[in-house]
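Input: a single structure, listed below in structure tokens.
In what follows, every heavy atom counts, from backbone to side chain, and hydrogens, waters and symmetry copies are set aside. These numbers come from a predicted model, not from an experiment.
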Amino acid sequence: MGELGGFLKIERHNVAYRDPHERAQDLREFLVPKTVPELQQQGARCMECGVPFCHNGCPLGNLIPDWNDLVYRDRWQDAIRQLHATNNFPEFTGRLCPAPCEASCVLEINEGDAVTIKQIENSIIDRAWAEGWVKPQPPSVETGMSVAVVGAGPAGMAAAQQLRRAGHAVVLFERDEAAGGLVRFGVPEFKIEKATVERRVQQLVAEGVEVRYGVEVGRDVTPDELRAQFDAVVLCTGSRAPRDLPVPGRELDGVHFAMDYLYERQRAVDNGREAGSIRADGKHVIVIGGGDTGADCVANATREGAASVVQLELLPEPPPRRPDDRTPWPLWPAKFRLSYAMEEARALGKGVQSFSVVTTHFEPGEDGKVGALHYAHAHDAPSFAPVEGTEDSMPAQLVLLAMGFLHPEQALLDGMGVAKDARNDIAAPVYETSQQGVFAAGDARRGQSLIVWAINEGRQAARMADRYLRSLAPAPVESGNVHDADFGPEGPPQHVSGALVAEE
């Protein structure tokens, strides 16, 4: 596996980004690809672990050591076969996944020395597309069964592809004007170009998946109509109810949920026009929430020309290195990571990131719009209450709430009559809901999570739905002299004078 002792001789070379001053001026992807020899060297660092913990770290169970070795040996077509064996959309995960596989790499016991798994994965799929190795895979046999998949995010797309390849007729319902979910509209163009998403959608269409855009189940088609028209339903609607901030002044104009801003911004990019009503140019922008969504808001505001961008986090600042007493290897380390977005904002002299900050209220400014945010230092433990005597304020002309999501939107779940868990997610322990023939996957089932979990959930729900659909079909009557081939389009072999025809 790899080069013998390679991990001792070859240094890790991290993923390279374009210069922050440069990339903050455009919307192009900012990853800098490495040459084939460089990638082969990085693949050679993958050692023959007794137990490859990267498998466990990856929710998809990617065959990571296998394709690291194949890249090292310049067997790229074999590498993409191994990668596609577990992951429908590696170009999504290669760009957007935080790489828990690298955190659990055995080399990461020496912190910061893991194999550059994500970089190699991304390079494999990018080369596969460039070489024309990624092709539609329509089924060879139709089952005659039909499935409706509701929600065309990564979970829904993965479920639709797996079910279609199993031979079922699949219709993918999406209320937006394009497929991809948050990958399409919530993640900025400079993290993943939307042509990268659309070519996967076109692969699904070429395989026979019917995609219906602008159709909201529960409004344009009722749950009863859906159940009547399809043999099974897979709900992949995501966790789209945002967490709000119930403080005085929340109702002021200029205080918005992050996704409203990100969706509007991406649609403006798609249509080649300026952003709509939620604009950051020339304003003092405050982003509340320190996760990936908050970082994407910071990056968009920076590119729009915000006067300043402040990102606030309620929790204390994480330590600079892995805290072994809290998150020992191979767990995901709770440590500080400077986001790509704050790197850009700081490089331009307009970005500040603060921790342990609790917002107390908003103050109106001109024309009744938000003009200031009042805050205090937060206690380090729940309920993160304000520390008396630390109150202060800062100018705020646009406030974006990026504090995560609570649960799926409830109307469709109630209309489908599915049971819910304590968090108001869909209760589907083995992907089938309380309603027979109705399945669930992704954030709608497990709560807000990573894109790798979404794809894995879609694949697993498809497996369970396929098992259910096949149970509905009448089983063929077999005798001791019948083979699987007898049920093919040509039927059983023709006999001559009671004797079998010799095979060529």
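The backbone N or O of Glu189 lies less than 3.5 Å from no partner atom in the side chain of Lys191, so there is not a single donor-acceptor pair. Side-chain atoms of Gln311 come within 3.5 Å of backbone N or O of Gly289 as a donor-acceptor pair. Listed for the Thr359 side chain is no donor-acceptor partner under 3.5 Å among the backbone atoms of Tyr375. Remark: the backbone N or O of Trp133 is not paired with any side-chain donor or acceptor of Glu131 at under 3.5 angstrom. Side-chain atoms of Thr143 come within 3.5 Å of backbone atoms of Gly167 as a donor-acceptor pair (strictly under, hydrogens ignored). A donor-acceptor contact shorter than 3.5 Å is absent between the side chain of Thr93 and the backbone of Val452. Without hydrogens or angle criteria, Arg303 side chain to Ala299 main chain gives a donor-acceptor distance under 3.5 Å. With hydrogens and angles ignored, the 3.5 Å screen pairs no side-chain donor or acceptor of Glu210 with any backbone N or O of Val171. Listed for the Ser123 side chain is a donor-acceptor partner under 3.5 Å among the backbone atoms of Gln119. Using modelled atom types, no side-chain atom of Ser339 and backbone atom of Ala295 make a donor-acceptor pair closer than 3.5 Å.
Note on Arg240 versus Asp443: no salt bridge recorded, every NZ/NE/NH1/NH2 to OD/OE distance being 4.0 Å or above. Ion pairing between Arg18 and Asp26 holds under the 4.0 Å rule for side-chain N and carboxylate O. A salt bridge links Arg23 with Glu344: at least one charged nitrogen is closer than 4.0 Å to a carboxylate oxygen. Contact check on Arg265 versus Asp270 returns no salt bridge, with no Lys/Arg side-chain nitrogen under 4.0 Å from an Asp/Glu carboxylate oxygen. Ion pairing between Glu193 and Arg28 fails under the 4.0 Å rule for side-chain N and carboxylate O. Under the 4.0 Å criterion applied to side-chain N and carboxylate O atoms, Asp244 and Arg250 are assigned as salt-bridge partners. Salt-bridge annotation for Glu457 and Arg459: absent, with no side-chain N of the basic residue lying under 4.0 Å from a carboxylate O of the acidic one.
Remark: Met416 CE to Asp224 CG distance equals 8.5 Å, nearest 0.5 Å. Atom CZ of Arg227 sits about 8.0 Å away from atom CD of Gln436, to the nearest 0.5 Å. Note that the CG atom of Asn68 and the SG atom of Cys54 stand 7.5 Å from one another [nearest 0.5 Å]. The CD atom of Glu102 lies 8.5 Å from the CG atom of Asn14; values are rounded to the nearest 0.5 Å. Between the CZ atom in Arg200 and the CZ atom in Phe92 there is a gap of 7.0 Å [rounded to 0.5 Å]. To the nearest 0.5 angstrom, Ile426 atom CD1 is 4.5 Å from Leu235 atom CG.
A centroid separation of less than 6.0 Å is found between the aromatic rings of Phe30 and Tyr340.
The shortest distance between side-chain heavy atoms of Tyr17 and Val32 does not fall below 4.5 Å. The shortest side-chain heavy-atom distance between Ile288 and Leu314 does not fall under the 4.5 Å cut-off. Under the 4.5 Å side-chain criterion, counting only non-hydrogen atoms from C-beta, Asp176 is in contact with Arg267. The shortest distance between side-chain heavy atoms of Trp332 and Thr327 does not fall below 4.5 Å. The side-chain heavy atoms of Glu91 and Val197, taken from C-beta on, include no pair separated by under 4.5 Å. At a threshold of 4.5 Å between non-hydrogen side-chain atoms, the residues Val183 and Leu96 count as touching.
With no hydrogens or angles considered, no side-chain donor-acceptor pair links Glu225 and Gln229 at under 3.5 Å. Side-chain atoms of Gln161 and Arg164 form no donor-acceptor pair, as typed in the model, at a separation below 3.5 Å. In this structure, a donor-acceptor pair under 3.5 Å is absent between the side chains of Glu207 and Gln137. For the residue pair Asn88 and Gln162, a side-chain donor N or O sits within less than 3.5 Å of a side-chain acceptor on the partner. Between the side chains of Ser308 and His284, at least one donor-acceptor pair of N or O atoms lies under 3.5 Å. Residues Asn62 and Thr86 have side chains that bring a donor and an acceptor to within less than 3.5 angstrom of each other. For the 3.5 Å distance criterion, the side chains of His168 and Asp466 qualify, holding a donor opposite an acceptor. Using modelled atom types and a 3.5 Å distance limit, the side chains of Asn87 and Glu121 yield a donor-acceptor pair. Counting only N and O atoms by type, the side chains of Glu304 and Asn300 include no donor and acceptor under 3.5 Å apart.
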For residues 401-408, which side-chain N or O atoms pair as donor and acceptor with protein atoms under 3.5 Å away, sequence neighbours left out?
{"unit_1": "His407", "atom_1": "ND1", "unit_2": "Gln410", "atom_2": "NE2", "d": "3.3"}

Practice problem: Evaluate side chain to side chain contact (heavy atoms under 4.5 Å, CB included) for Leu204 paired with Val211, printing each intermediate quantity in order. | Solution: CA-CA 9 Å; Leu204 264 64; Val211 187; 5.5 Å; no
Practice problem: Determine, stepwise, if the pair Phe384 / His379 fulfils side chain to side chain contact (heavy atoms under 4.5 Å, CB included). | Solution: CA-CA 5 Å; Phe384 303 106; His379 282 282; 5.6 Å; no
Practice problem: Apply salt bridge (charged side-chain N to carboxylate O under 4.0 Å, His left out) to Glu432 and Arg467, showing your working. | Solution: CA-CA 11 Å; Glu432 186 168 17; Arg467 181 184 298 179; over 6 Å; no
Self-check item: Ile125/His84 under side chain to side chain contact (heavy atoms under 4.5 Å, CB included): CA gap, chis, key distance, verdict
Solution: CA-CA 9 Å; Ile125 183 57; His84 271 151; 3.9 Å; yes
Practice problem: Please report the C-alpha distance between Arg445 and Asp421 in whole Å, then the side-chain angles of each, then the deciding distance to 0.1 Å, and finally whether the salt bridge (charged side-chain N to carboxylate O under 4.0 Å, His left out) criterion is met. | Solution: CA-CA 9 Å; Arg445 188 190 82 95; Asp421 62 19; over 6 Å; no
Exercise. Apply the test side chain to side chain contact (heavy atoms under 4.5 Å, CB included) to residues Val147 and Leu469: give CA-CA distance (whole Å), side-chain angles for both, the deciding distance (0.1 Å), then the verdict.
Key: CA-CA 9 Å; Val147 190; Leu469 290 168; 3.4 Å; yes
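Of all heavy-atom pairs spanning Glu264 and Ile278, the tightest one is OE2-N, 2.7 Å. Arg165 and Pro139 make their closest contact through O-CB, 3.7 Å (heavy atoms, listed as atom of the first residue, atom of the second, distance). Contact detail for Val234 and Ala461: the closest heavy-atom pair is CG1-CB, 4.3 Å. In terms of heavy-atom proximity, Pro316 sits nearest to Ser356 at CA-OG, 3.2 Å. The minimum heavy-atom distance between Pro386 and Thr360, with the atom names listed, is CG-CG2, 4.3 Å. Contact between Asp66 and Gln82 at its shortest, heavy atoms only, is OD2-NE2, 3.2 Å.
Judged as a ring-ring contact (aromatic ring centres under 6.0 Å, His included), the pairs with a partner in residues 174-198 (not counting sequence neighbours) are, in order, Phe185-Tyr263.
Of the candidates Tyr431, Tyr468, Phe230, Phe439 forms a ring pair (Phe, Tyr, Trp, His ring centres under 6.0 Å) with just one, namely Tyr468.
Cation-pi contact between Arg199 and Phe89: absent, since separation from the ring centre below 6.0 Å together with deviation from the ring axis within 45° is not met.
When the shell of 6.0 Å around CG of Asn424 is examined, it contains more than 12 heavy atoms from other residues, nucleotides or ligands.
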